[in-house]
*Asks:* 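Let me give you the structure first, and then I'll get to my questions.
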Amino acid sequence: MLTERLIMKLNDKEIIKVVLPTKYGKFDLYDYHLDGVDHLAIVKGNPSSAEVPLVRIHSECMTGDVFGSQRCDCGEQLASSMEKIEKEKCGIIIYLRQEGRGIGLFSKMKAYKLQENGMDTVEANIALGFESDCRNYDVAITLLKYFNIKKLRLITNNQEKIKALKDEGFDVVREESVVDYNEYNLRYMRTKKEKMGHILNLNKYCE
């Protein structure tokens, strides 16, 4: 059947590939359907053929990625990563459906309301009964193995992502994710640096 030829398998789960033309360039988009959730891989060229391909592991942020919210740096990080990968003509962005650092969109909105009332992003998550970061990177690891990537330049400021991949045997070199900060997200960025261990240079914003 036609659908059987279109749909591939990864660990007995469906995965489908289509062409994704964007304002940054043309990519291949893979949809990995796992337990009712669609995780995505945005691929340029053949990353497995590169010596050390660029990789971004990006968790879904509807407010930032779709609506351009300035409360976080997510949308800018995604756009910057696509530009970098397009420039090199090779790389992959793994887009994980882990909205709100894993707590979901509705709970993220609750956390935003608590932040409007004075809490920072970590305090808000904890007040709602969550950890500061509820994400895991199991799907990203599965997809990196599917694309036969063992050594990579990871576009990130998050040391937990680096650790998660290194613990699985990947050879990881960090590629800094640089974005501009603004009056709406500076406290958020400070909290990520001071409470979550993200590698960020905020000196010129904290004078």
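Counting begins at 1 with the first residue of the sequence.
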*Asks:* Mind telling me whether His39 and Tyr32 have parallel, tilted or perpendicular rings, with 30° and 60° as the class edges?
*Replies:* tilted
*Asks:* Taking atom types as modelled, is there a side-chain donor on Thr121 or Arg187 under 3.5 Å from an acceptor on the other?
*Replies:*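 Not at all, the side chains of Thr121 and Arg187 share no donor-acceptor pair under 3.5 Å.
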*Asks:* If every non-hydrogen atom of Leu200 is compared with every non-hydrogen atom of Lys193, which pair is closest and at what distance?
*Replies:*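 The pair with the smallest heavy-atom distance is O-NZ, 2.7 Å.
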*Asks:* Donor-acceptor pair, distance only, cut-off 3.5 Å: does the side chain of Ser80 make one with the backbone of Glu76?
*Replies:* no
*Asks:* Looking only at side-chain N and O atoms, does Lys108 offer a donor or acceptor that is under 3.5 Å from a partner on Thr63?
*Replies:* yes
*Asks:* Does the pair Asp73/Lys192 count as a salt bridge with the N-to-O cut at 4.0 Å?
*Replies:*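 Counted as a salt bridge, because a side-chain N and a carboxylate O are separated by less than 4.0 Å.
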*Asks:* To the nearest 0.5 Å, tell me how far Ile162 CD1 sits from Arg174 CZ.
*Replies:* 6.0 Å
*Asks:* I need the minimum non-hydrogen distance between Ala111 and Leu128, along with the two atoms involved.
*Replies:* N-CD1, 3.6 Å
*Asks:* A quick test of your reading: do over 12 heavy atoms of other residues, nucleotides or ligands sit less than 6.0 Å from NZ of Lys195?
*Replies:*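 For Lys195, atom NZ is crowded (more than 12 foreign heavy atoms under 6.0 Å).
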*Asks:* For a side chain to side chain contact (heavy atoms under 4.5 Å, CB included) with Tyr95, tell me which candidate from Leu29, Ile57, Asp65, Asp38 qualifies.
*Replies:* Asp65
*Asks:* Would you compute the distance between atom OH of Tyr184 and atom SG of Cys72 and round it to the nearest 0.5 angstrom?
*Replies:*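 Taking OH in Tyr184 and SG in Cys72, the distance rounds to 14.0 Å.
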*Asks:* Should the heavy atoms of other residues, nucleotides or ligands under 6.0 Å from CD of Glu83 be counted, would the total exceed 12?
*Replies:* yes
*Asks:* Starting from the C-alpha separation in whole Å, work towards a yes-or-no answer on salt bridge (charged side-chain N to carboxylate O under 4.0 Å, His left out) for Arg153 and Glu88.
*Replies:* CA-CA 12 Å; Arg153 285 177 290 149; Glu88 293 203 5; 2.6 Å; yes
*Asks:* CG/Leu143 to CD1/Ile15 distance, rounded to the nearest 0.5 angstrom?
*Replies:* 6.0 Å
*Asks:* Would you compute the distance between atom CG of Leu54 and atom NZ of Lys89 and round it to the nearest 0.5 angstrom?
*Replies:*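 If I round to the nearest 0.5 Å, the distance is 13.0 Å.
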*Asks:* Check this for me: does any side-chain nitrogen of one of Lys163 and Glu160 sit under 4.0 Å from a carboxylate oxygen of the other?
*Replies:*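 No.
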*Asks:* Does Tyr188 have Arg71 sitting over its ring (NZ/CZ under 6.0 Å from centre, angle to axis within 45°)?
*Replies:* no
*Asks:* With rounding to the nearest 0.5 Å, note down the distance linking CE in Met82 to OG1 in Thr22.
*Replies:* 4.0 Å
*Asks:* If you take all heavy atoms of Ser59 and Gln98, which pair is closest and at what distance?
*Replies:*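 It is OG-NE2, 3.4 Å.
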*Asks:* We want to know whether Gln77 and Arg56 form a side-chain donor-acceptor pair, criterion being a heavy-atom distance below 3.5 angstrom.
*Replies:*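 The criterion, which ignores hydrogens and geometry beyond distance, is satisfied for Arg56 and Gln77.
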*Asks:* With a 6.0 Å cut-off on the ring centroids, do Phe147 and Tyr30 count as close?
*Replies:*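 Ring centroids of Phe147 and Tyr30 are less than 6.0 Å from each other.
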*Asks:* Please determine, by modelled atom types, if Thr156 and Asn158 share a side-chain donor-acceptor pair under 3.5 angstrom.
*Replies:* no
*Asks:* For a quick test of reading the model, state the closest non-hydrogen atom pair linking Cys134 to Ile103 and the distance between them.
*Replies:*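 Between these two residues, the closest heavy atoms are SG-CG2, 3.9 Å.
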